[in-house]
Amino acid sequence: MFLYGTAATTGAAILIVEILGAKMLSPYVGTSHFVWTAQIAVTLLSLAAGYWFGGWLVDRSQDLRRLYGCILFAGIYLCGTVPFAGRVAFACLQWPLAIGSLLASLFLFFVPLTLLATVGPFVIRVLTLHVGSVGGVVGRLSAVSTLGSVAGTILVGYVLIPILPNSVTMWVTAGVLMAVAIVYFAVWRRPLAVSAGLLGIAGIALGGGWLSLRLQANPWPEELREIASYNSNFGQLQVFDTSDGARRYFLNDYLQQNTYDPRTGQSTSLFSYALHALARIHAPRIEDVLCIGLGVGMVPMQFARDGARVTVVEINPDVVPLAQAHFGLDTEAMRLIIGDGRPYLNTATGSFDVIILDAFLGDSAPAHLMTREAFAAMRRVLRPDGVLVINTLGELGPGRDFLVASLDRTLRTSFGEVRIHALGKGNLFLVATPAAELRVHRKADIGIVHADLREDFRKMLAAVGEVNPGSGMVLTDDFNPVDFYDAANRERLRRRLVSWIQPELPF
């Protein structure tokens, strides 16, 4: 039974490491399909190598000390991934995103996953007494291992990620693997001195991993003080204050999502004012507003202060208490729906004067909200003279405008006129209406804009950009290759991040 328990435990650990590995790397390399492709590819490569190695190992000797030695070493190696994941990911950012994420996954997870994959063929050979029993042994062991993988997937996805830091979950996983190995050696492989020695090695590995995690250098600038941190299903959420109390930062997976002046209660991020102002300028009336993406509530709150009925769809419930505690969000001023914006649009029955699309996952907007079908769903719930305003990260330069040009072309399949406002500082805004033209109905209220941003705000309103009509493509649910074609822009964004928070690297 212990062997079957071992198979279930290592099966769970493999899936935990696969999922958790991508989560640990995402603050540094993002969450694009490149990252998940790399993690899945490394996992599959490790399984193939581990199956081969396990078969080779057991054919030479069925001594179970070999197997549990592999499990013990896998746990020790995983302890090392805890303090070094960030450093490895930073170092790999010198390569293109596709290559860098693959190298980071290989370095951190190939060895332990390969060692864990040796369990299957090794245990099958040990439990097989004669040829006639092979089918039953393989079936039972495969079932037990797979059920362990299912349990590991559910455990990490639904239980551990929301309540524990990723590093702690990886550290605990390593500890469980080492405990399984130590139990085997202590119960079945005496003398006691050997078991005590292995227990000491495991203790040193766990203690060293934990201590290095606790003592590793703070990667943030000295003038920043962390006042809140949450590990959510959609990335790590953090709030920082500057030492003088003049600025507050909201970060999701190390990327700034908004900045705030606690003294005035105003956002110090231009996009907060741009989204509100562009809607206010072009919408003939602003009575019903739909915001897809809460952020920390700056934009919905401003519409609510204007007297509008505001509906907000936010996928991450952990953002809400953080925004209430640190950014003045009043959920009583709006109708707040926790869920994905796309399913809401597919079933919504109301109509809106303004739709604000400000949804981000890491360094980009979720692709399923940027397709022809998604825009058609927005058009369906938007009044005939209403306005859609989109916040995204993009560029208009030659060779860098695939995303923006594609959004422009895709929007025009459902909307009468599309206009682009870009200041050249990262954020870019698209305004679209079902009507034949965008009209100016009122002036922007510059009085509500933070004093530090007013000049940039004026420039943003005047900076109307154009895309190359030959660039981009109409994005659909079936074919949306933005992650691939926009990878270079996202790599530059990640490198700018590194220049701000990169710790001293040992290599």
Side-chain angles (χ1 to χ4, degrees), residues 2-3 5-18 20-21 24 39 42-85 87-88 104-126 145 148-149 152 167-213:
F2 190 75
L3 288 176
T6 298
T9 302
T10 55
I14 287 171
L15 266 294
I16 289 174
V17 171
E18 179 181 9
L20 205 58
M24 290 172 68
Q39 190 69 3
V42 168
T43 301
L44 294 175
L45 181 63
S46 301
L47 292 177
Y51 296 153
W52 172 84
F53 180 63
W56 178 87
L57 201 64
V58 75
D59 280 347
R60 277 146 185 80
S61 172
Q62 296 183 36
D63 189 344
L64 285 169
R65 287 177 297 185
R66 294 185 168 201
L67 175 64
Y68 285 96
C70 289
I71 296 172
L72 178 65
F73 188 74
I76 293 172
Y77 196 105
L78 287 174
C79 282
T81 67
V82 172
F84 287 104
R87 288 175 166 84
V88 170
S105 294
L106 277 169
F107 186 87
L108 292 168
F109 306 116
F110 175 76
V111 170
L113 288 173
T114 296
L115 293 173
L116 294 177
T118 63
V119 172
F122 205 108
V123 173
I124 287 172
R125 179 66 182 88
V126 170
S145 179
S149 297
S167 55
V168 173
T169 302
M170 186 66 82
W171 183 83
V172 170
T173 302
V176 170
L177 291 172
M178 287 189 282
V180 168
I182 295 301
V183 167
Y184 168 78
F185 284 107
V187 175
W188 286 281
R189 286 294 178 181
R190 299 173 182 176
L192 184 61
V194 174
S195 299
L198 293 173
L199 182 61
I201 294 172
I204 292 171
L206 282 172
W210 179 257
L211 185 62
S212 61
L213 178 65

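What's counted below: heavy atoms across the whole structure, side chains too, no hydrogens, waters or symmetry copies.
Classified by interplanar angle (parallel below 30°, tilted 30° to 60°, perpendicular above 60°), the ring pair Phe185/Tyr68 is perpendicular.
Scanning both residues, Tyr184 and Arg65, for their nearest heavy atoms gives OH-N, 3.9 Å. In this structure, Ala117 and Ser46 approach most closely via the heavy-atom pair CB-O, 4.0 Å. Contact detail for Cys70 and Leu57: the closest heavy-atom pair is SG-CD2, 4.1 Å.
Side-chain atoms of Tyr51 and Thr118 form no donor-acceptor pair, as typed in the model, at a separation below 3.5 Å.
If you take CZ on Phe84 and CE on Met24, they are separated by 12.0 Å, rounding to the nearest 0.5 Å.
The closest donor-acceptor contact from the side chain of Ser149 to the backbone of Ser145 lies under 3.5 Å. In this structure a side-chain-to-backbone donor-acceptor pair under 3.5 Å is present from Gln39 to Glu18.
The closest side-chain heavy-atom distance from Val180 to Thr10 is not below 4.5 Å. The closest side-chain heavy-atom distance from Leu177 to Leu72 is not below 4.5 Å.
The environment of Arg66 atom CZ is dense: over 12 non-hydrogen atoms of other residues, nucleotides or ligands sit within 6.0 angstrom. By the neighbour-count criterion of 12 heavy atoms within 6.0 Å, atom CZ of Phe107 is sparsely surrounded, having that number or fewer from other residues, nucleotides or ligands.
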